[in-house]
Amino acid sequence: MKRLLSTKILPDSLQAQILAAGWKLTQYNAISIEWLPVEFAPGDRLAIFTSKQAVRACLASGSDSVLSGVCCLCVGAATASLIRDHDGAVLECASSATELASRITKKYTDKSFMYYCGNRRLDIIPETLDNLGLDWQEVIVYRTQTVDQTVDQTFDGILFYSPSGVESFTASNAIGGATAYCIGPTTAAAVQKHTKKYKIATSPDLEALVALVIKLPTQSKTT
């Protein structure tokens, strides 16, 4: 039976899809998330979220209506859905930070921003805002920590969800001959330092990543 490792514990429904597709699934959380106390008050600024965790951290620090009426730019359909569920207005939903930076450059150079992010965020959005000379502030709303765990098995495929997850896994383990399934291009960029065998989901969400595994041929062991 084909072996698949997920570096994040998946919802039951997605686990069932993987098992039904003929994989033997092993999973653990390669990173831990700590939400930090924050006062969410963007005022008339546009709020930028490049992860769902940043939205959750802001919601945890306020009421369910804290996002009501706030105009947001974000990365990922799941992030956009969470914002809308709490009555936020999604002006842009990009597939990556690079794409979102491009949209800001083309459409929002007359705006000011609040960037809500984690302590290990990429430099793409800050560098874009600085290069454009825009008025913006950064608020660190969660902290990502790697989890040191050795996995004593070999796998046909490994699911990766963030550059931090790649860093955490490869600190104690090798990808080896497995195919790395990546949730997005920034995660794939981190994976490329360790293997040339990788695939990228069509959108940065769990459902698309699982669909990538199920739809692609799974005879991925090297000989």
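The chain is numbered in sequence order, starting from 1.
Counting non-hydrogen atoms of neighbouring residues, nucleotides and ligands closer than 6.0 angstrom, the CZ atom of Arg143 reaches no more than 12 such neighbours. Within 6.0 Å of CD on Gln153 lie more than 12 heavy atoms contributed by other residues, nucleotides or ligands.
Looking at Thr170, its side chain never comes within 3.5 Å of a backbone N or O of Asn173 through a donor-acceptor pair. No side-chain donor-acceptor contact under 3.5 Å links Thr109 to the backbone of Thr105. Remark: side-chain polar atoms of Ser168 are not paired, donor with acceptor, to backbone N or O of Ser164 under 3.5 angstrom. Formation of a donor-acceptor pair under 3.5 Å by the Ser65 side chain with backbone atoms of Ser68 is not found in this model. A donor-acceptor pair is defined here as one N or O able to donate and one able to accept, closer than 3.5 Å; no such pair exists between the side chain of Asp205 and the backbone of Ala77.
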Query raised in the report: Please walk me through it: do Val141 and Leu36 pass side-chain contact (heavy atoms from CB on, under 4.5 Å)?
Result: CA-CA 5 Å; Val141 296; Leu36 303 176; 5.6 Å; no
Requested in this report: Could you give me the CA-CA distance, side-chain angles and deciding distance for Trp35 and Gln53, then say whether side-chain contact (heavy atoms from CB on, under 4.5 Å) is met?
Outcome: CA-CA 8 Å; Trp35 294 339; Gln53 293 295 349; 3.3 Å; yes
**Report entry** Stepwise side-chain contact (heavy atoms from CB on, under 4.5 Å) check, Leu82 with Arg56
**Finding:** CA-CA 8 Å; Leu82 184 58; Arg56 286 175 173 166; 3.6 Å; yes
Query raised in the report: Can you list the steps and then say if Gln15 with Gln27 is a side-chain hydrogen bond (donor to acceptor under 3.5 Å, both in side chains)?
Result: CA-CA 10 Å; Gln15 293 182 42; Gln27 53 186 346; 3.0 Å; yes
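There is a path of hydrophobic side-chain contacts, each under 4.5 Å, that joins Tyr28 to Val191. A continuous path of hydrophobic side-chain contacts links Ile33 to Phe40 [ILVMFWY only; heavy atoms under 4.5 Å]. At a threshold of 4.5 Å between side-chain heavy atoms, the hydrophobic network of Ile, Leu, Val, Met, Phe, Trp and Tyr places Phe113 and Ile83 in two separate groups. Under the 4.5 Å side-chain heavy-atom criterion for grouping Ile, Leu, Val, Met, Phe, Trp and Tyr, Leu122 is not connected to Leu129 through any hydrophobic cluster. Put simply, Ile125 and Leu91 are part of the same group of oily side chains (I, L, V, M, F, W, Y) that touch within less than 4.5 Å, one to the next.
Between Tyr115 and Trp136, the angle of the ring planes lies from 30° to 60°, which puts this pair in the tilted group.
One finds no salt bridge joining Asp135 and Lys111 here, because no Lys/Arg side-chain nitrogen approaches an Asp/Glu carboxylate oxygen to under 4.0 Å.
Between the side chains of Glu138 and Tyr116, no donor-acceptor pair of N or O atoms lies under 3.5 Å. Thr144 and Arg120 are not linked by any side-chain donor-acceptor pair at a separation below 3.5 angstrom, with hydrogens and angles left out of the test.
Side-chain contact between Ser6 and Leu25 is present, with at least one heavy-atom pair separated by less than 4.5 Å. Between Leu100 and Cys74, the closest side-chain pair of non-hydrogen atoms is not below 4.5 Å. Using a 4.5 Å cut-off on side-chain heavy atoms (C-beta onward), Leu159 and Lys8 make no contact. Cys117 places a side-chain heavy atom less than 4.5 Å from the side chain of Ile140. Residues Cys93 and Thr79 fail the side-chain proximity criterion, which asks for heavy atoms closer than 4.5 Å. For the pair Tyr161/Leu10, a side-chain contact is recorded, criterion being any heavy-atom separation below 4.5 Å from C-beta on. A heavy-atom distance below 4.5 Å is not found between the side chains of Asp156 and Thr179. In this structure, Thr26 and Phe155 have side chains that are in contact, with non-hydrogen atoms separated by less than 4.5 Å.
Minimum interatomic distance between Pro204 and Val75 (heavy atoms only, all atoms of both residues): CG-CG1, 4.5 Å. Among all heavy-atom pairs drawn from Ser32 and Val147, the shortest one is N-CG2, 4.0 Å. Contact detail for Val70 and Ala47: the closest heavy-atom pair is CG1-CB, 3.9 Å. Taking both residues in full, the closest heavy atoms of Val90 and Ala80 are given as CG2-O, 3.8 Å, listed atom of the first, atom of the second, then distance. Taking all atoms of both residues into account, the shortest heavy-atom contact from Ser112 to Arg45 is OG-CG, 3.3 Å. The minimum heavy-atom distance linking Lys2 with Gly22 is given by the pair NZ-O, 3.4 Å.
Taken to the nearest 0.5 Å, the OG1 atom of Thr50 stands 9.0 Å off from the CD1 atom of Ile124. Between the OH atom in Tyr142 and the NZ atom in Lys52 there is a gap of 11.5 Å [rounded to 0.5 Å]. Expressed to the nearest 0.5 Å, how far OH of Tyr108 lies from CG of Leu46 amounts to 7.0 Å. Between the CG atom in Leu4 and the CE atom in Met1 there is a gap of 12.0 Å [rounded to 0.5 Å]. How far CG of Leu212 is from SG of Cys182: 9.0 Å, rounded to the nearest 0.5 Å. Between the CD1 atom of Ile48 and the CD1 atom of Ile104 there is a distance of 4.0 Å, given to the nearest 0.5 Å.
Of the candidates Ser102, Ser95, Ser96, Ser95 is the only one forming a side-chain hydrogen bond (donor to acceptor under 3.5 Å, both in side chains) with Glu99.
Aromatic ring centres of Tyr181 and Phe160: separated by at least 6.0 Å.
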